[in-house]
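Note that the structure is a prediction, hence the values are computed from the model and not measured.
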Amino acid sequence: MICSASAAAAAASVRSAAARAAGRAAGTAAVGACTTLAQTATCTGPASAAAWRYGSIRSYAAPAAEDDDGDALPLFVPKAALPRLPDVRGIPPRELELHDDRRAHKPQRVLLRAIDLEHRVRFDADGRTQLMSRESPSALQTGSIVLVEYVNSRSKARKQYFAGVLMEIRRKGIMSSIVLRNYVMGTGVEMLFPVYSPMVQRIKVLQPADAELLENNQDDITWIRKKACPGIDYSKIDELVARYRSAEERLEKRQRMQQQMQQDQQQ
């Protein structure tokens, strides 16, 4: 009886020690995972839905006060549904800004492409489909400097700006996105923006791509992480953004003055 009790006590002690060790290991792993995630979000841009909180990444001309939120934006309502789905039978996926698909001829794949195209038409409020179309003269080109204006919340719409070199174009229909790269205090920062998201207010090309890149016409130039991008000076991006915003403010002021003059004349 005494030996059995001693053995049971020893076994319990061993199990308790093992549990404590496992707890410490789990805690260490959790801390490491959180640290790694924080570094990824800061250095390489958003990787999840929560990454729209661009707190640690530079935002151009953001309000100084944290509680200085903008006015609420109106509820986003997509365009009315089309009477009939577009007929995409016989059209290769690449012509619809989608990846090549060996099973593109399957009826279910044809239906999915038609639904995707209809969604793009409904969510395109300012001609973004033309930005993603390879055949459009206003199409986005990798290697150009692009400014994206976005908001974190439509209920408290504080405008944020991010500009950088268009490094990658991911053509996935309604889920299409672009990746911009810039440097913040010597650290490379990459930001991913869904093209058709209602949170993205505007996409503006500040400087077209170099002729060398236009000849290649590639959607992925991630090699600029290690090599210099032709025709790009990262130190000039801030100046381009300042010029663009100054021109926008002058235009808005002129429009307000014209509206005021028209109201005065009517009175």
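How far CD1 of Ile169 is from CD of Glu97: 9.5 Å, rounded to the nearest 0.5 Å. Here Asp219 contributes atom CG and Arg134 contributes atom CZ; the two are 5.0 Å apart, rounded to the nearest 0.5 Å. Between the CG atom of Asn217 and the OG1 atom of Thr142 there is a distance of 7.0 Å, given to the nearest 0.5 Å. Considering CG of Leu213 and CD of Gln141, their distance stands at 9.5 Å, rounded to 0.5 Å. To the nearest 0.5 Å, atom NZ of residue Lys253 and atom CD of residue Gln258 are 13.0 Å apart. Atom CD1 in Ile224 sits 7.5 Å away from atom CD in Glu190 (nearest 0.5 Å).
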Pair up each side-chain donor or acceptor in residues 78-94 with any protein partner under 3.5 Å, not counting sequence neighbours, and list the distances.
residue, atom, partner, partner atom, Å
Lys79, NZ, Asp124, O, 2.9
Asp87, OD1, Arg89, N, 3.2
Asp87, OD1, Arg89, NE, 2.9
Asp87, OD2, Arg89, NH2, 3.1

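The closest side-chain heavy-atom distance from Glu149 to Phe162 is not below 4.5 Å. Looking at Gln262 and Gln260, their side chains never come closer than 4.5 Å, going by heavy atoms from C-beta outward. Within the 4.5 Å cutoff, side-chain heavy atoms of Met167 are placed close to those of Arg225. Residues Tyr183 and Val189 fail the side-chain proximity criterion, which asks for heavy atoms closer than 4.5 Å. Side-chain contact check for Asp101 versus Arg109: some heavy-atom pair is nearer than 4.5 Å. Using a 4.5 Å cut-off on side-chain heavy atoms (C-beta onward), Ile178 and Val148 make contact. Counting only heavy atoms from C-beta outward, the side chains of Gln201 and Leu73 approach each other to under 4.5 Å. A 4.5 Å side-chain heavy-atom check between Trp223 and Gln218 finds at least one atom pair inside the cut-off.
Closest of all the heavy-atom pairs between Val200 and Pro194 is CG2-O, 3.4 Å. Smallest separation of non-hydrogen atoms from Cys229 and Gly143: SG-CA, 4.3 Å. Of all heavy-atom pairs between Tyr150 and Met191, the closest is OH-CE, 4.5 Å. Here the closest heavy-atom approach between residue Ser176 and residue Met132 is recorded as CB-CE, 3.7 Å. Minimum heavy-atom separation, Ser144 to Ala209: CB-N, 3.6 Å. Between Val195 and Ser177 the shortest heavy-atom distance is CG2-CA, 3.9 Å.
Residues Leu166 and Val184 share a single hydrophobic cluster, defined by chaining ILVMFWY side chains whose heavy atoms lie under 4.5 Å apart. The hydrophobic clustering, which links ILVMFWY residues whose side-chain heavy atoms are closer than 4.5 Å, places Leu117 and Leu112 apart. The hydrophobic clustering, which links ILVMFWY residues whose side-chain heavy atoms are closer than 4.5 Å, places Phe76 and Phe193 together. Hydrophobic clustering places Ile232 together with Ile221 (ILVMFWY residues linked when any side-chain heavy atoms are closer than 4.5 Å, directly or through intermediates). A continuous path of hydrophobic side-chain contacts links Ile145 to Leu192 [ILVMFWY only; heavy atoms under 4.5 Å].
Cation-pi geometry between Arg128 and Tyr196 is not met at under 6.0 angstrom from the ring centre and within 45 degrees of the axis.
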Task: Evaluation steps, side chain to side chain contact (heavy atoms under 4.5 Å, CB included), between Arg202 and Asp126 - done: CA-CA 8 Å; Arg202 187 182 304 179; Asp126 53 2; 5.5 Å; no
Open item on the list: Let's go through Arg254 and Glu249 carefully: what are the C-alpha distance in whole Å and the side-chain angles of both, what is the deciding distance for salt bridge (Lys or Arg N to Asp or Glu O under 4.0 Å) to 0.1 Å, and is it a yes or a no?
Closed with: CA-CA 9 Å; Arg254 189 179 303 113; Glu249 291 176 357; over 6 Å; no
Open item on the list: Please determine whether side chain to side chain contact (heavy atoms under 4.5 Å, CB included) holds for the pair Val165 and Asn182, giving the CA-CA distance in whole Å, both sets of side-chain angles, and the decisive distance to 0.1 Å.
Closed with: CA-CA 6 Å; Val165 179; Asn182 202 344; over 6 Å; no
Task: Derivation of the salt bridge (Lys or Arg N to Asp or Glu O under 4.0 Å) call for Arg243 and Glu239 - done: CA-CA 6 Å; Arg243 289 180 179 178; Glu239 182 179 352; 2.6 Å; yes
- [ ] Any chance you could lay out the side chain to side chain contact (heavy atoms under 4.5 Å, CB included) test for Leu206 and Lys236, step after step, and finish with the verdict?
- [x] CA-CA 11 Å; Leu206 301 181; Lys236 300 295 184 181; over 6 Å; no
- [ ] Report the C-alpha distance between Gln160 and Asn152 in whole Å, list the side-chain angles of each, state the deciding distance to 0.1 Å, and finish with yes or no for side chain to side chain contact (heavy atoms under 4.5 Å, CB included).
- [x] CA-CA 8 Å; Gln160 305 286 336; Asn152 293 333; 4.2 Å; yes
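Few gaps surround CD on Gln108; more than 12 heavy atoms of other groups in view lie less than 6.0 Å from it.
Under the side-chain contact (heavy atoms from CB on, under 4.5 Å) criterion, Ser235 pairs with Asp233, not counting sequence neighbours.
The main-chain N or O of Glu168 is never found under 3.5 Å from a side-chain atom of Asp220 such that the two would form a donor-acceptor pair.
In this structure, Val77 shares a hydrophobic cluster with Leu75, the cluster being traced through Ile, Leu, Val, Met, Phe, Trp and Tyr side chains under 4.5 angstrom apart.
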